[in-house]
Each structure stands twice: as structure tokens, then as C-alpha cells.
Amino acid sequence: MNRFILLCCLVFFCNLSQASTVTATPELEQIAALSTWKKLLVYSDNGQSYIMSDHFFLSEIGNTDPLSELRASLAAFSAPVNEAGPDNHAQCKFAARFNWLKRHVNISDFGITEIECPEFSQFLQQQNVNSISVIFASGFLGNPASYYGHLLLKLNTGNVGSQQNMLQDTAINYGADVPPDENMALYVIKGIVGQYDASFTQQKYFYHAENYGESELRDLWEYELALEPQDITLLLGHLWELLDADYQYYFFNRNCAFHMGELLQLLIDTNVTSSKRLWITPQSIMQNLSTTTYKGRSLVKEIRYHPSRQSRLYQRFSLLNRQQKNVLFDLVKQPELLANTDLSQFKLTEQHQIIDTLIDYYQFLRKESVGSADPNNNYYKQAVLLRYQLPAGQSANNFNADSQPHLGRKPSYSAIHLAHSADENYGQLQLRPAYYDALDAANSHVRFSALSMGELILGFTNTKLFLKDFSLLKIENIRANYTGLPGDQNYSWYLDVGAIQSKVGCVDCEAFKANTGIGYGFEALSAFNISGFVGVGYLGDKIDSAGGYLSTRLISTWYISGQVSSRFEFERRFFNGGMSDHLAKLNVRYAVSQDSDFRITVNKDRHSTELGLVLGWYW
């Protein structure tokens, strides 16, 4: 062991001495200044690499000096293969750097002889990649790490459209290295202040497809990129280098979205990320990629939609007429009838629709891992058998793919309010860094729900600037329970923490707020959701028991059209000491364009009524 350590040290110092023998010529200075070389070193705009691992650099100052790293790299590439073997040689460990430099310098001028790299060659052969896709997973409100969605790279082999081939492909993931039992609140705090390391990892794609699409019920969107083979090889070589490197993770702006965007920028000239933004979301990266050109054509070659098992069920269910739904409910209530079901009163296509919806329903419910212990596994098999007994045919499998993430609005929101109450007229300025509320939840967002962090509304009069509302974290996870079938009856919940004016129309009643509740919602009509909650909360200007309360809350949200939506909310609060209060809110939104809207608001409690006009824009 000691001899091996001594050998590594000798090789390291040998490489350092060789670096000094590579003269900093004007040609090398020009190469070191090229953007691609800096991208290979993962440099930020401030001239320092995002990589924290020392072994990623061959020069002691390579994380800040691209010329020094270039000289050290050329020296290391010319070193003879030692007893550790070729796979530990710099040419094999830094395959992307070496292959890129071969295009820009005559390697023989630096005494470099190209060697074979067995492990890297095996890596390329195992992947056998013919294209690369970016996978967008829609947001998941059950896990803070996935609130805003997630991005993966998928290394495509064979027939890209084949489901079986797709599941066997390799996926590249970027994420924080979080202990498995970490508290989620602690995760958010530590993630915000950069207390986690992060890294790229590789895993079979079926793991992510199962986790996101089947377990967490998140839709997946695949954006296949039109990359040429030479650039695919360069990107794979760069990934080979990065799989052993550590980053520093920041929840808002040095997250999966940012570093996946940075990775792809190795091959394109367009800046799809912005290091100066305080927050970067996966959806904003997809919007930028969708407008990016690559060698004179669109970077995105094709977009494919992979609905979650819940989306598959909901979309199939929506195609059934009333008679078909009645039969479906009867079969679910009495699954013993499956073996002798007679659907002859329906057309063949309608029979297929009923049974295919039933199959998706049991697929939605069942826990395959427990086998016969879950009766839904048996019902699923019976439904599949019933489908095979029907004459050949196909029900509608073209799932609605209109909500493509890149077609959505921009993630941040600002607005100007004009407000009137019996006591005051005042203006308000609103800033929502991200992400959406119930009225503008659209592409890749959770319908009827809301998610925002750091949302701020400041009020002002001729003489006063005051805090109207501040939500450190606000989540409304409204479950549609669209079918009403047993098992599709999930609880909804909300959480809001921050500060607010405790009375409607007041400008000097600042109070702490914290409230949470659980309830049930259902889609009474198409695009019309009603939800009821019971909750607990606190509202007061000092921490004492007087501000605690129990509450009941009713929310109805209606997406009237593609441009018009409305929301009514009524809450009854029962404070400690016997006092009670109510709060009613009405909000109507009109989408002026994709990136602007106009709203009318009415807020009322026992103290006052406030009317508001709001003009907002997304950015």
C-alpha cells in the first residue's frame, strides 16, 4: 500500500515538472481562452470552476487558471503509461479534453503518443449511444427536492421510440448527496445555503421512469436533441470525466436545471443558463433549449410525452361516455363480475375503451411487489385477460400532449396593484420569484394548486411604505380526484408561513402568519374543482397563545377558458379565547398574453372590504 502511494506521488510530481516544460506560447494562450476549453473545465463566469474535487485538475491552480491547466494537461498527456495501467493515464481519465485538444493542436509537437483506453472504450461500447434526450419530470409537491420539476439526460440506443429499449437506456442525473434519512425541512435549509455536495450519477432509465411516472405520478417529457455523432462522443467523454467530480449544491440556482444546462452548453453557443439569476427552474431551461439552434437547425429534434399512470387513467376516463362510466363503476364495485362481463351492448371500440380504462385503473392501484397479497394484482390480470378475449382493435392511445413544458409562461411574476378600501387607497408591488398560483398553473404545473417561495407584496401610500404580505413558503397541493373511483380519493393540503396584515384594508397591522390544513377536493365539473379543509394556524404580532386558531376553509377554482380563470375562498377562524373571524376572497384572472395578465380581486373580513385591480407580467 505504501509503495502504491509513493508511486502515485512520484507520478504527480513528475506531471507537475512536465507542466513547467510546456511553454506558454501565443497559440496555447489562444486555445486556453476558448470558451469550449473553459466549459470542459466547468468554469463559472467569475473565472473559477464549479468543480470542488482537486483530482479533476492537473494543475494546482487549474480551477482558476485555464492556461496553467492546459499546459499541465499537455504535459500529462505526453507522460508514459506507468505500472497503474492505461486507464489511470491522463488521456483516459480526461477523454473529452484529450479528444478536443487533438482538433486544435498537433499532439506530436508536444511528444504525445495516443494510447488505448480500455475502460473508456468499454463505457462507449456499453452505452452505444446514437442520440441524447433531455427528460423533464413535472413538479411533485410531496418532496421539496422536486417542487419545480427535474431534469435528466437519457443516452438513447437502438430505436428511440421503442418503450423496451428506452427503459434499458442509461440516464444521467444531477443531484445533492443527501443522507437517506435527512429531514425535508432541514434539506431545504441546507440546500439553500449550500451545505450539500452534489454530483452527476448514472443509472438505468427504468429506475427513474418507475420512480417518477409510476410512484410519484409525474408526467415525463422527452426532448430528443439533434446532435451529431462527433458531439455526442465529446459529451460522453465529458460525462466520463464528471462522474467522479463533486460540486456544491444550491437549491435555487446551482441545481439540476443549471448544471444540466451548463453540460449541454459544451456543444452549443447559446447561453441556456444564467449564472446571475437567483433562481433557475427546469422549465426555464427547457424553454431556452426549445429556441436554441444547433449548426443551422433546431437543437430539439423531437418531443415525446410519457404520461404517468395517473395521467393515463385520467385521460382514458375522460373519453368515456356516461353509459361506459356506469359500467366501469359497476365492475370496480363488483370485481367478481370481471370473469363473466358482457359488454355486447357497446360497439367494439367502446368495449376496448372500457377495458383499457379498467386496466389502467388497476395498474394505478396495484402494488406489484406484494403479489397476491394485493387483490388488485389479481383484478388487473383478469382485466388484461378480458381485453385479450375481445376481438383485435385499439382504443385511443394518443394521449393529450398539449401541456409541453417549453410552451408554458416564464417562471417569475411581478405585478402592480391598485387597491381601495373604506379607510385607504394605496398601491402595491408584488414579486413572486417562482413559481405559480392556482389561477396561472398551466404547463407542467399541478392543476388547481400553488407553489411559491419568497413571494412579497409591498404596499405604499403617499406617506407610508408597508408590508402587505410575505410568504416564505406557500404550497397548496389540491388533488383533483378526477374519476371518483375507489383509490382515486387523495387528501389535499396547504401550508403558508410568513407575515401579513392581520386585517383587510389595514396598513399598520403587521403580524406573523403560519397555517396548515388537510382536506379533500374533487373535480365537480371539467376544469372546476371544489376543496374543503380543516386546519390550524397562528396570526399575531407577538408569539403567544392568543394568536392560535382552528379553521375551516372552502376553495373553488374554475378554469373557465384558456384565458379566464377564477377562484373563490372562504375561511372561518376560531381563535383561542372564543373570538372568531372570517375571510372571503375572490380572484378573477384574464390572460392578456402568455406573459402578462390582468386580475380583479375582492377581499373581505369583519373589519373591511378591499377591491383591487392587478396588472402583472411574467419574466
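Just so it is clear, the values below take in all heavy atoms, side chains as well, and ignore hydrogens, waters and symmetry mates.
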Pairs satisfying salt bridge (charged side-chain N to carboxylate O under 4.0 Å, His left out), at least one member in residues 317-326, at least two apart: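 Salt bridge (charged side-chain N to carboxylate O under 4.0 Å, His left out) check on residues 317-326 returns no pairs.
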Candidate pair E224 and S133, rule side chain to side chain donor-acceptor pair (under 3.5 Å), full reasoning: CA-CA 4 Å; E224 185 184 356; S133 295; 5.2 Å; no
With a 4.5 Å heavy-atom cut-off, do [X] and [Y] have their side chains touching?
| X | Y | answer |
| --- | --- | --- |
| N255 | F251 | no |
| M453 | L472 | no |
| N156 | E222 | yes |
| Y435 | Q283 | yes |
| H582 | F570 | yes |
| L358 | L328 | yes |

Test side chain to side chain contact (heavy atoms under 4.5 Å, CB included) applied to L263 and L242, step by step: CA-CA 10 Å; L263 180 64; L242 294 176; 3.8 Å; yes
Looking only at heavy atoms, what is the nearest atom pair of [X] and [Y], with distance?
| X | Y | value |
| --- | --- | --- |
| S412 | P433 | OG-O, 2.5 Å |
| S298 | A226 | O-CB, 3.9 Å |
| Q382 | P335 | OE1-O, 4.2 Å |
| I232 | N130 | CD1-O, 3.7 Å |
| F448 | A480 | CE1-CB, 4.5 Å |
| I555 | E569 | CG1-CG, 4.0 Å |

[X] atom [atom1], over 12 foreign heavy atoms within 6.0 Å:
| X | atom1 | answer |
| --- | --- | --- |
| K190 | NZ | yes |
| Q594 | CD | yes |
| W279 | CH2 | yes |
| Y207 | OH | no |
| F574 | CZ | yes |

[X] and [Y]: side-chain donor and acceptor closer than 3.5 Å?
| X | Y | value |
| --- | --- | --- |
| Q202 | T170 | no |
| S492 | N477 | no |
| E368 | Y380 | no |
| D496 | S471 | yes |
| E350 | Q324 | no |
| N529 | S531 | yes |

If the threshold is 4.0 Å, N to carboxylate O, is there a salt bridge linking [X] and [Y]?
| X | Y | value |
| --- | --- | --- |
| E455 | K474 | no |
| E476 | R567 | yes |
| D488 | R479 | no |
| E571 | K585 | no |
| D374 | R366 | no |
| K513 | D469 | yes |
| D595 | R409 | no |
| D169 | K204 | no |
| R573 | D605 | no |

Output yes when a side-chain donor or acceptor of [X] lies under 3.5 Å from a complementary backbone atom of [Y], and no otherwise.
| X | Y | value |
| --- | --- | --- |
| S284 | I280 | no |
| N378 | P375 | no |
| N481 | G521 | yes |
| S146 | G149 | no |
| Q310 | L217 | no |
| S449 | R447 | yes |
| S565 | L439 | yes |
| N515 | G537 | no |

Taking the ring of [Y] and the ring of [X], is the distance between their centroids below 6.0 Å?
| X | Y | value |
| --- | --- | --- |
| H406 | Y223 | yes |
| Y590 | F598 | no |
| Y247 | F200 | yes |

Y212 side, atom OH; L220 side, atom CG - distance, nearest 0.5 Å: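 Rounded to the nearest 0.5 Å, the OH-CG separation comes to 8.5 Å.
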Audit row: F533, Y520, ring pair (Phe, Tyr, Trp, His ring centres under 6.0 Å) steps and yes/no: CA-CA 7 Å; F533 300 87; Y520 183 80; over 10 Å; no
With under 30° as parallel and over 60° as perpendicular, where do the rings of [X] and [Y] fit, or are they tilted in between?
| X | Y | answer |
| --- | --- | --- |
| Y436 | H445 | parallel |
| Y618 | Y413 | tilted |
| H259 | Y174 | tilted |
| Y362 | Y379 | tilted |

Salt bridge (Lys or Arg N to Asp or Glu O under 4.0 Å) assessment of D219 paired with R312: CA-CA 10 Å; D219 290 338; R312 294 194 300 268; over 6 Å; no
Chi angles and distances behind the side chain to side chain contact (heavy atoms under 4.5 Å, CB included) call for H306, F399: CA-CA 9 Å; H306 307 292; F399 295 105; over 6 Å; no
Residues L153, L264; criterion side chain to side chain contact (heavy atoms under 4.5 Å, CB included); working and verdict: CA-CA 10 Å; L153 282 189; L264 292 173; 4.2 Å; yes
Residues forming a salt bridge (charged side-chain N to carboxylate O under 4.0 Å, His left out) with K381, sequence neighbours excluded: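 Testing K381 for salt bridge (charged side-chain N to carboxylate O under 4.0 Å, His left out), a comparison that skips the adjacent residues, returns none.
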CA sep, side-chain torsions, deciding dist, call: Y250, F258, ring pair (Phe, Tyr, Trp, His ring centres under 6.0 Å): CA-CA 10 Å; Y250 287 93; F258 179 83; over 10 Å; no
T281 and Q287: CA distance, side-chain angles, deciding distance, side chain to side chain contact (heavy atoms under 4.5 Å, CB included) verdict: CA-CA 10 Å; T281 65; Q287 290 170 335; over 6 Å; no
